[in-house]
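Only a predicted model underlies this, so the values are computations on that prediction, with no experimental measurement involved.
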Amino acid sequence: MEKNIKRIAILGGGPSGLFLYKRLVESDNTDIEITIYERKDKLGAGMPYSSEGANDEHVTNVSDNEIPHIVNSIEQWLQTAPTELLERFNINPAQFNEYKVLPRILFGYYLSSQFDLLREIAATKGITTHIHYKTNVLDISYNQQEKTVGIETAAGKTDFDYAVICTGHNWPTRYEGKVKGYFDAPYPPSKLALTFNHTVAIRGSSLTAIDAIRTLARYNGKFIKDKEGNITFEKAAESDSFKMIIHSRSGLLPAVRFHLEDSHLSNDSLLTREEIDDHRKTNDGFLSLDFIFKHNFKEVFREKDPEFYHRIKDFSIEEFVDEMMELRERLDPFQLLKAEYIQAEKSIKRQESIYWKEMLAVLSFAMNHPAKYLSAEDMQRLQKVLMPLISIVIAFVPQKSCSELLALHQAGVLNIIAVNDDSSVEPQNGGGILYNFKDADQEDQSVFYKTFVDCIGQPHLSFDDFPFKSLLSQKEVSRAKLKFKSNESAVIALDNGNLLVEKDAQNNYFLNVSGIAINDNFQIIDQYGAYNENIFIMAVPYIGGFNPDYSGLDFSEAASLKIASSIL
C-alpha cells in the first residue's frame, strides 16, 4: 500500500525555520516531504545572525547555556569549526566559556551547521528535503476544495498540504534612499560604515540602537583598551564634530545582561494551560492581566525571595512599574548603566541571578502566547504600562556593548534625550530631519539633524502590510482584534479619538491590534472566524498584535512545537 506523504513547505530557512525543521525531522513520523524556500544562499542564520543584521562587532545577548538544544552545542561545534572562522573572531575552542556571549555572525555559522546536521538525520530516516536557495516566495493561495496551499515563486506554482510562514524580520523602507541622511533601520549595518563630522540622531534605545552605535563608533574613531582592561574612545581626526544622540521615550537605556538561574525562560511555578482555561471560564472568556501578573510573577517570589514578595505583594501592575521605574528615572541613565554593569558582573561571577529581572523575562515569555485572550482594556494596559518596563529590563545588553556605551559617553560622543510619546520625525526635502519633541521642561523643541537612524526595533506590521495578497483577497486572513470587556471604556477610547476602536453589528466593541489573527497553534484565521488547518505563521512582524513580545530563539522553540504537533 502506498504511503500518504504529507508535503510541507517552510517559507524561510532562518532560526524559526530551523526549529520547525528540527521538530519535524526528530518526530517519529517519516511520512513527510519538506521543501524549504530561502531568500539567501545560506540556511539557519536568518537576518540577525548574517551580514544582513550584523557586522563582526555585533554580539548575541544569549550564551551557549541559554540556547535551546538543537543537535550539538556551540562548544562541541567549535571543535570542528573552520580555522579561518576561529581566527577571524579570535576564538580558542579550548578556552570556550558557555556563559559568554558570542559574535552574531559566528553564531549564524553555528546555526547553519545545525541545519546541515538535521538534513543528514532526515536523509538517514528517509525524509526527503528540497531546498530552494535565493528564492523569494511571491504569493500564497489556498484551495478550499483540495485543502492545498499554493506557493508561487518566479519558477511557478507548487501545491503543498501544509505551509508554515517563517519569513522572520522585515523592516519596511519608507524614506531611505529618498531623503538624504535618513535610515529607516540600521540593517544591514554595512550601510552605516560611514564617516560623519556632525551629530547623528538615533531614535530608540533598544538593542537595535546599540547595534547602530557600535558600528558608527568604529567608523568615526577607535576604542582603546589599557592594561587594566578599561576601555576609552578616541575620535578620528576627520570626525572631530561627530556625536550621537539617542532619543528615547523613557529617556532610559536598556538593562545589562546578568546570570540567569533558569536559562530557558521556563518556570515550574507558572500557570498551566488548564489553570488559564479555568480562569477564563469565570471571567467572561477573558484572561485577566492582573491574574497572570499575580500568579506568573508575584507568587513566584513567595518562596524564592520572601523579602521582595512582601515589598510587592499588594502592588497593582501600575504601582509595581512606578516603583521599578522610579529609581531608573531618578538616576542619570549612564550612571545607572555603570551601576548595573557592576551589579551584573557580580551576578555572572557568582552565578547568582538578579531574580526579579529574570522573573520579568519569564512573565513576558509566559504571557506572550495567551495574550490573545486579554480584553482590549488589558491589552492597552499591557502596551502602555508593563511593556515599556519589560522592554528595558529584559533587553539583556551584553557587558562588552555596555562598556563601549560608557566609553562613548565618557568621551562626550554619546548622549540621551527623553522625548514625549507623540514626538515626531519630519523628513526634510533637502535631506536630514527635524526632530519635534517636548523636552524635560515640557518646552517644544524642533531640532535639525543631517543624519537620522531609526532604531526602534522590529516594528509590528499591520494587516495591510501582509505580503501574500491572494490570502488577503481570498479572505483567508483577518485583522487581529480584541474585544472590550466594557462598552463604557470602548466609548471613552472612541471619544478620545482612538481610531483603532470599532463596533460590530451586535454592538460589541473591538480594539484593532497589529497584524493578523491566529489561534493557539499559530494557524491563520479567516474573515469568518474559522482557522485554516493547513497554513501556519510564526513570522513575528505579522502576529505582534496577538504575540506582543517574542523572545527570539525561545519563541521559535515554543511555537515550532505547537505547529509540528498540529501538522503531525
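Between Leu386 and Leu363, some side-chain heavy-atom pair lies under the 4.5 Å cut-off. The shortest distance between side-chain heavy atoms of Ser462 and Asp464 falls below 4.5 Å. With a 4.5 Å cut-off on side-chain heavy atoms, Ile246 and Leu414 count as touching.
Stacking of Lys42 on the aromatic ring of Tyr109 is recorded, both the 6.0 Å distance cut-off and the 45° axial limit being met.
For the 3.5 Å distance criterion, the side chains of Arg23 and Ser560 qualify, holding a donor opposite an acceptor. Gln114 and Asn72 share a side-chain donor-acceptor pair at under 3.5 Å. In this model, a donor atom of one side chain and an acceptor atom of the other lie less than 3.5 Å apart for Glu358 and Ser353.
Centroid-to-centroid, the aromatic rings of Tyr175 and Phe452 stay 6.0 Å apart or farther. Taking the six-membered ring for Trp and the full ring otherwise, His369 and Phe522 have centroids separated by under 6.0 Å. You'll find the ring centres of Phe107 and Tyr110 inside the 6.0 Å limit.
Taking the charged nitrogens against the carboxylate oxygens, Asp454 and Arg203 do have a contact shorter than 4.0 Å, which makes a salt bridge. A salt bridge links Asp211 with Arg104: at least one charged nitrogen is closer than 4.0 Å to a carboxylate oxygen. Lys400 and Glu404 are not joined by a salt bridge, as no carboxylate oxygen comes within less than 4.0 angstrom of a charged side-chain nitrogen.
Note that OG1 of Thr208 is 4.0 Å distant from OH of Tyr187, once rounded to the nearest 0.5 Å.
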Side-chain donor-acceptor contacts of residues 79-86 below 3.5 Å, not counting sequence neighbours, with atom names and distances?
{"from": "Gln79", "atom 1": "NE2", "to": "Glu75", "atom 2": "O", "distance (Å)": "3.2"}
{"from": "Thr80", "atom 1": "OG1", "to": "Trp77", "atom 2": "O", "distance (Å)": "3.0"}

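Judged by distance alone, the side chain of Asn197 and the main-chain N or O of Asp240 form a donor-acceptor pair under 3.5 Å.
The side-chain contact (heavy atoms from CB on, under 4.5 Å) test applied to Glu352 returns Arg350, not counting sequence neighbours.
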